[in-house]
Amino acid sequence: MAKNLLIVESPAKAGTIEKYLGKDFVVKSSYGHIRDLEKKETGVKIEDGFEPVYVIDPDKKKLVTELKKLAKDAEMVWLATDEDREGEAISWHLAEALKLNPDKTKRITFNEITKPAVLRSLENPRTINNNLVDAQQARRVLDRLVGFELSPVLWKKVKPALSAGRVQSVAVRLIVEREREILDFKPETYFKVNGKFKNTKGELFKAEISDKLNSEAEVKEILEAVKGDHFSVKDLQVKPGKKTPAPPFTTSTLQQEASRKLSFSVSQTMGVAQKLYEAGYITYMRTDSVNLSETALNGARDAITSEFGNKYHKQRQYTSKSKGAQEAHEAIRPTDFTRAEISGDNQAQRLYELIWKRAIASQMSDAEIERTTVLLENNAINYDFRAKGEVIKFDGFLKVYIESTDDEPAEEAGILPSMTIGESIAYDVITGTQRFTHHPPRYSEARLVKKLEEQGIGRPSTYAPTISTVQKRGYVVKEERPGKERSYIQLELAGKEVARSQKTEITGAEKGKLFPTDIGMVVNDFLVENFEGILDYGFTAEVEDQFDRIASGEIQWKKMIEKFYGPFHETVENTLEHSERATGERHLGEDPKTGKEVIARIGRYGPMVQLGKTDEEEDKPQFASLRSDQSIATITLEDALELFKLPRVLGELEGKKVQANIGRFGPYVQWGSTFASLKASGLDPMEVDYDQAVELIQEKVKADKEKTINIFDGKPVIKVLKGRYGPYIAVGRKNFKIPKGFEPEELDRAQCEQIINEAPAKKTKTKKKK
DNA sequence: CAGTGAGCGAGCTTCCGCTTGACTT
């Protein structure tokens, strides 16, 4: 039996450490937290001074039993969870849940997994820091209280099954507010003038007027003034400059860079990184630290000097600048710097390469560059043309890695031909182009992560889950949206001709950007209006400050929570009692024909428009659902009136109506209970005629017949159908597999009902039960 | 399965942060 039990959070880490420590140690993993607040109710005894009620995660019962047994038999238990607030709490929960004997328990920490670091930690044991544990309890309880009191307010006032929380609600707010800025944005127009020039040797280069010009007339004046004339070099400056490498990756910068360079989604990046970590290729991927261990610095140095030579190496230690960083781990880096490539699938290889390059580059020399600026003048105009050149004198880290930016890539400053002051310069072509100011960019997943990190909201382990939560709740959608065509003016001077042309470009096209939904906007507005304090961007920073004071022993955690909860709970009660249901109602105007009011709002089945008031007794209002490409925020009166024209009744066939409509899944024609989609034919439901509709319906009836084995009318209608994967039972939109022992051809209604009732519950439900 | 949109009530939903597998179409 091993003398020592050492517990860490991650199993991969446990494996590595076990190798360092030899046979006197058995190293196990807690797999993160082992206990959490009880899930029913709030899990906090509010009247009892906010006493938390912890339960062991049902999935962890077996693990806890195993650890308990190992701990009992060991002479010493070493709690080696991460060196941060959560890690300290995990150790404390372990001590409590395993009923560890304090005399036989030691707390140790290391923020890098190297043999010397681990051995050193064993020499410097301490006890559990209860203040830090209390800070974690405060964090946990506050998040629970906020989440479990706010969410039910939404169920009552907006829609069931919605959610709100300290992190997710602020994430949604960022996206909603950005969208509003974009909706309110009015582009302004201006002109930029640039040109191609030739020096006396006939070498070509580009130059531009840096100022934005206000009008076409002004541009025209400039072009006319310099027509047929030469420029001269007014000024020429050469300045040395340097570029420094970016620090090695943290979770957030890895997500951003993988998004830009590899087009990975945030969760995709984390999945691939997890595999690299488990395979031992990289260090831990959930970290907010840019720190590199001594071992890593040496490894990088050796790899760089042997690969590129001594002068390419420069040792650097970076310091973290993100708010609330806890730095329990190293930066993300390769475990072996000499391994430039790995085997594995394409995604793994590419992500590894990115991590390797970034970490290697961070320990390389600055790039030395020479920046040249040339000014060209012509006395007939008040502006100078400016040409910029850049020459790399020593490439340094640029040899392996160039960091990308979110902004549009600036035009590459290339090498300028040599020139002297006073030299006569001819133009080849000078172009004045109309430009438009651009609205602030929509968030991509990675940009949102960056923003959250800057505000100190969320942690490396939660960035990816937060983004999927706000999408799962339907607050936000990640979408591709087509742009619009826009025309612009171009004036071009070539030779002695100034030509004017009108050109078109596509603007505003978006790919993989986050858009708020109607429900996202309504929930956000409701929360901002009623819970400004929680939704405030500074809220997390404020409470983090309090948590720090708990950690330093300055204040008591339950008192801090009490202070927060009193006013918060009062606001919850107040809102429940006094605030109206939030429907996001927007008045669009009046129907010109009837004079009735038209509004857009969220109804029981989603976003809708309504014609006429609800309270009118005789004249019932008309309703219509919005199409998926429409939203309450942007729909116009005209679009709304169009919606009321559907469904269109086209005629009758065998006593049943033939009609055209747009449903949740697109446009369709309908005859009784037969639905035929218009998607494939591209027909417009507003224009499709009776004959076209009947043809589509007959085709559909025929196709349905071919796969129908039996139909049982009545409520509900049950069909037995032939599918691609064999026969199945269809009820509404739900399908059921026919179990063994039943003959599809011979099923009767009762047997079908039996199969439906006995069908196993849906996957999502069984998953939650576990 | 084909027109809905109000409110009631039972019983359900929900938070953030630590960690990995075990599930099928």
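Every chain is numbered from 1, with letters handed out A, B, ... down the list of sequences. Because the structure is a prediction, the values reported are computed rather than measured.
- Taking the side chain of Gln168(A) as heavy atoms from C-beta on, and the options dT14(B), dT19(B), dG17(B), the nearest nucleotide is dT14(B).
- Side-chain contact annotation: Ser10(A) with Tyr277(A), donor-acceptor N/O pair under 3.5 Å present.
- Taking the ring axis of Phe539(A) as reference, the NZ or CZ atom of Arg166(A) does not stay both within 45° of it and closer than 6.0 Å to the ring centre.
- Note on Gly32(A): a base of the nucleic acid sits closer than 4.0 angstrom, heavy atoms only.
- Two residues, Ser163(A) and Asp82(A), neighbour DNA chain B, and the one matched to the more 5' nucleotide by heavy-atom proximity is Ser163(A).
- Between the side chains of Arg473(A) and Ser163(A), a donor-acceptor pair is found at a separation under 3.5 Å.
- Taking atom NZ of Lys159(A) as the reference point, atom C1' of dG5(B) lies 13 Å away to the nearest angstrom.
- Contact annotation: Ser10(A) side-chain N/O to dT20(B) OP1/OP2 distance is under 4.0 Å.
- If you measure from atom CE of Met270(A) to atom P of dG21(B), you get 15 Å, rounded to the nearest angstrom.
- OP1 or OP2 of dG5(B) has not a single side-chain nitrogen or oxygen of Gln610(A) nearer than 4.0 Å.
- Here Arg166(A) lies in heavy-atom contact (under 4.0 Å) with sugar-phosphate atoms only.
- For Gln659(A), a side-chain nitrogen or oxygen approaches OP1 or OP2 of dG3(B) to under 4.0 Å.
- Side-chain contact check for Ile602(A) versus Ile632(A): some heavy-atom pair is nearer than 4.5 Å.
- Here the C1' atom of nucleotide dT13(B) and the CZ atom of Arg144(A) are 13 Å apart, to the nearest Å.
- Among the heavy atoms of the strands, none lies under 4.0 Å from Ala89(A).
- Using P as the reference atom, dC18(B) and dA22(B) are 24 Å apart when rounded to the nearest Å.
- Among the heavy atoms of the strands lying under 4.0 Å from Pro11(A) are primed sugar atoms or P, OP1, OP2 only; no base atom is included.
- By the neighbour-count criterion of 12 heavy atoms within 6.0 Å, atom NZ of Lys157(A) is densely surrounded, having more than that number from other residues, nucleotides or ligands.
- Going from atom CD1 of Ile561(A) over to atom C1' of dC16(B) covers 13 Å, rounded to whole Å.
- Of the residues near DNA chain B, Leu145(A) and Met285(A), the one whose nearest nucleotide (by heavy atom distance) lies more toward the 5' end is Leu145(A).
- A donor N or O paired with an acceptor N or O is not found under 3.5 Å between the base of dC16(B) and the side-chain atoms of Arg459(A).
- dT20(B) atom C1' lies 15 Å from atom NE2 of His33(A), rounded to whole Å.
- For the pair Arg473(A) and dT13(B), the criterion of a side-chain N or O lying under 4.0 Å from OP1 or OP2 is not met.
- Counting non-hydrogen atoms under 4.0 angstrom, Ser29(A) reaches nothing in the nucleic acid.
- Between the side-chain ring of Trp155(A) and the base of dT13(B), a stacking contact exists by the 5.5 Å and 30° definition.
- Side chain of Lys28(A) to main chain of Glu66(A): no donor-acceptor pair is present (N/O by atom type, distance under 3.5 Å, no hydrogens or angles).
- Across all strands shown, Gly606(A) has heavy atoms under 4.0 Å from base atoms, whether or not it also approaches the sugar-phosphate.
- Within 6.0 Å of NZ in Lys275(A) there are 12 or fewer heavy atoms belonging to other residues, nucleotides or ligands.
- To the nearest whole angstrom, the two P atoms, one in dT20(B) and one in dT24(B), are 23 Å apart.
- Distance Leu37(A) CG to dC15(B) P: 14 Å, rounded to the nearest Å.
- Per the stacking criterion (ring centres < 5.5 Å, plane angle < 30°), Phe148(A) stacks onto the base of dT14(B).
- Here Val167(A) lies in heavy-atom contact (under 4.0 Å) with sugar-phosphate atoms only.
- No engagement by Gly87(A) is indicated, since no non-hydrogen atom pair under 4.0 Å with the nucleic acid exists.
- Other residues, nucleotides and ligands contribute more than 12 heavy atoms inside 6.0 Å of the CD atom of Glu585(A).
- Distances shown here put every side-chain N or O of Thr462(A) at or beyond 4.0 Å from the OP1 or OP2 atom of dC16(B).
- Within residues 273-284 of chain A, the residues having any heavy atom closer than 4.0 Å to DNA chain B are, in order of number, Gln274(A), Tyr277(A), Tyr284(A).
- Counting to the nearest Å, the C1' atom of dA2(B) and the OH atom of Tyr668(A) are 6 Å from each other.
- Between Ser151(A) and the phosphate of dT13(B), there is no side-chain N or O to OP1/OP2 separation shorter than 4.0 Å.
- Annotation: side chain of Val522(A) is in contact with side chain of Val158(A) (closest heavy-atom distance under 4.5 Å).
- Atom CG of Leu527(A) is separated from atom P of dT14(B) by 16 Å (rounded to the nearest Å).
- Checking the phosphate oxygens (OP1, OP2) of dT19(B), a side-chain nitrogen or oxygen of Arg286(A) falls inside 4.0 Å.
- Within 4.0 Å of Thr540(A), counting heavy atoms only, lies no atom of the nucleic acid at all.
- For Glu112(A), the side-chain contact (heavy atoms from CB on, under 4.5 Å) partners at least two apart in sequence or on another chain are Thr114(A), Ala117(A), Ser293(A), Thr295(A), Glu330(A).
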